[in-house]
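It should be emphasised that the depicted structure is a prediction, and the values quoted were computed from it without experimental measurement. Values below: every heavy atom of this structure, side chains too, minus hydrogens, waters and symmetry copies.
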Amino acid sequence: MADRFSATGRRKKAIAQVVLVPGNGNFTVNGKSLDEYFGLETLRYICRQPMELTGADKKFDVSVKVVGGGFTGQAGAIRHGVARALTAADEEAYKADLKAAGFLTRDPRMKERKKYGLKKARRAPQFSKR
C-alpha cells in the first residue's frame with residue numbers, strides 16, 4: 001500500500017490537486033489551515049464531507065493546492081478531489097459510500113455564454129414602448 005494518494009477535483013473553473021498522507025486529520029489548503037482559508041463554516045463543511053462520511057477524518061492528513069474560480073467552486077472542487085483520493089486509497093472500503101452520496105460525480109454545470117444582442121447570457125436590454 002502506498003503512503004501517498006493524490007487526485008484532482010474540479011468544479012466550474014476551480015481545480016484542486018489533493019494529496020492524502022497517513023496522519024491525524026490536518027487539513028491544509030494552499031499552505032493555510034482549512035479554517036484560515038475558508039471564512040464560511042458551510043464551505044469548510046463541504047470540504048470535510050467525504051472524510052466524515054467515510055470516517056477517515058482522523059486517518060489522513062489532507063494537503064490541497066486549489067486555483068481558479070470563487071470560494072464556492074473551490075470548496076466543491078476540494079470535495080471532489082478528496083473523494084477521488086479516498087477512492088484511490090482504499091476503493092473497496094470507501095467507493096460505495098462516496099458514490100451513493102454523489103461526491104465522485106463531477107458537477108457539469110458551467111457558466112452560460114453571453115449571447116449577442118443581450119447584456120448577459122439571458123438579460124435583454126430594457127424595453128420601452130415609446
Side-chain angles (χ1 to χ4, degrees):
M1 191 166 159
D3 58 340
R4 188 183 141 99
F5 307 97
S6 60
T8 304
R10 293 184 185 88
R11 183 168 194 277
K12 291 185 171 183
K13 292 281 184 186
I15 300 168
Q17 293 173 312
V18 179
V19 176
L20 290 184
V21 184
N24 54 1
N26 294 330
F27 209 118
T28 57
V29 181
N30 289 353
K32 298 179 183 178
S33 71
L34 185 68
D35 298 335
E36 206 179 325
Y37 191 79
F38 288 114
L40 294 173
E41 182 57 43
T42 51
L43 298 179
R44 285 180 247 161
Y45 172 73
I46 287 169
C47 294
R48 287 193 198 105
Q49 273 182 315
M51 299 295 280
E52 290 174 1
L53 176 74
T54 57
D57 45 352
K58 299 291 182 221
K59 294 179 189 171
F60 294 103
D61 286 345
V62 184
S63 177
V64 183
K65 181 186 166 221
V66 65
V67 291
F71 285 122
T72 308
Q74 287 186 353
I78 291 170
R79 179 171 74 180
H80 187 224
V82 169
R84 282 175 143 186
L86 282 169
T87 305
D90 192 352
E91 192 164 341
E92 305 86 51
Y94 301 137
K95 188 170 182 180
D97 293 335
L98 291 169
K99 194 164 175 70
F103 297 156
L104 293 174
T105 307
R106 194 236 192 259
D107 191 344
R109 295 174 296 173
M110 297 297 279
K111 184 176 170 153
E112 192 174 338
R113 70 170 287 266
K114 182 197 174 296
K115 279 76 164 192
Y116 56 85
L118 300 181
K119 290 183 178 286
K120 289 168 54 175
R122 298 185 183 202
R123 167 80 172 101
Q126 185 173 342
F127 173 77
S128 174
K129 209 166 192 177
R130 342 182 147 39

Student: With a 4.5 Å cut-off on side-chain heavy atoms, are Phe27 and Cys47 touching?
Tutor: yes
Student: Answer yes if Ile15 and Val82 sit in the same cluster of Ile, Leu, Val, Met, Phe, Trp and Tyr residues linked by side chain heavy atoms under 4.5 Å apart, and no otherwise.
Tutor: no
Student: Check whether any side-chain heavy atom of Val18 sits under 4.5 Å from a side-chain heavy atom of Arg84, and report yes or no.
Tutor: no
Student: Tell me whether Lys115 at atom NZ has more than 12 heavy atoms from other residues, nucleotides or ligands lying less than 6.0 Å away.
Tutor: yes
Student: Atom CG in Asp97, atom CZ in Phe103: separation rounded to 0.5 Å?
Tutor: 10.0 Å
Student: Checking Lys114 side chain against Leu118 main chain: does a donor-acceptor pair fall under 3.5 Å?
Tutor: yes
Student: Starting from Leu40, can I reach Val64 by hopping between I/L/V/M/F/W/Y residues whose side chains sit under 4.5 Å apart?
Tutor: yes
Student: Under 4.0 Å between a side-chain nitrogen and a carboxylate oxygen: does that hold for Asp35 and Arg48?
Tutor: yes
Student: Go through the steps to decide whether Glu112 and Arg122 satisfy the test side-chain contact (heavy atoms from CB on, under 4.5 Å), and finish with yes or no.
Tutor: CA-CA 9 Å; Glu112 192 174 338; Arg122 298 185 183 202; 3.1 Å; yes
Student: Testing the basics here: between Pro125 and Gly117, what is the closest heavy-atom pair and its distance to 0.1 Å?
Tutor: CD-O, 3.5 Å
Student: When clusters are formed by joining ILVMFWY residues with side-chain heavy atoms under 4.5 Å apart, either directly or through shared neighbours, do Tyr94 and Val19 land in the same one?
Tutor: no
Student: Indicate yes or no: at least one non-hydrogen side-chain atom of His80 is less than 4.5 angstrom from one of Arg106.
Tutor: yes
Student: Is there a chain of hydrophobic side chains (I, L, V, M, F, W, Y, each step under 4.5 Å between heavy atoms) that links Val29 to Phe71?
Tutor: yes
Student: Does any part of the side chain of Thr87, heavy atoms only, come nearer than 4.5 Å to the side chain of Phe5, both counted from C-beta?
Tutor: no
Student: Any idea which heavy atoms bring Arg44 and Phe38 closest together, and the distance?
Tutor: NE-O, 3.0 Å
Student: Is Thr28 reaching over with its side chain to a backbone N or O of Gly31, donor-acceptor style, under 3.5 angstrom?
Tutor: no
Student: Looking only at non-hydrogen atoms, find the nearest pair between Asp107 and Arg109 and report the distance.
Tutor: OD2-NH2, 2.8 Å
Student: State, to 0.1 Å, how close Gly81 and Ala7 come at their nearest heavy-atom pair, and which atoms those are.
Tutor: O-CB, 3.6 Å
Student: For Arg11 and Gly73, work out which heavy atoms get closest and say how close.
Tutor: CB-O, 3.6 Å
Student: Could you measure the distance from the OG1 atom of Thr105 to the CG atom of Leu98? Nearest 0.5 Å is fine.
Tutor: 10.5 Å
Student: Does any pair with a residue in residues 52-75 pass side chain to side chain donor-acceptor pair (under 3.5 Å), and if so which ones, sequence neighbours excluded?
Tutor: Tyr37-Gln74
Student: Heavy atoms only: give me the nearest Gly76-Ile46 pair and the separation to one decimal.
Tutor: N-CG2, 4.3 Å
Student: CG/Leu104 to NZ/Lys95 distance, rounded to the nearest 0.5 angstrom?
Tutor: 7.0 Å
Student: Excluding sequence neighbours, so at least two apart, what forms side-chain contact (heavy atoms from CB on, under 4.5 Å) with Gln126?
Tutor: none
Student: Measure the shortest side-chain to side-chain distance between Asn30 and Val66 over non-hydrogen atoms and say whether it is less than 4.5 angstrom.
Tutor: yes
Student: Within a 6.0 Å radius of atom NZ on Lys119, are there more than 12 heavy atoms belonging to other residues, nucleotides or ligands?
Tutor: no
Student: Are Met51 and Leu86 close enough that some pair of their side-chain heavy atoms sits under 4.5 Å apart?
Tutor: yes
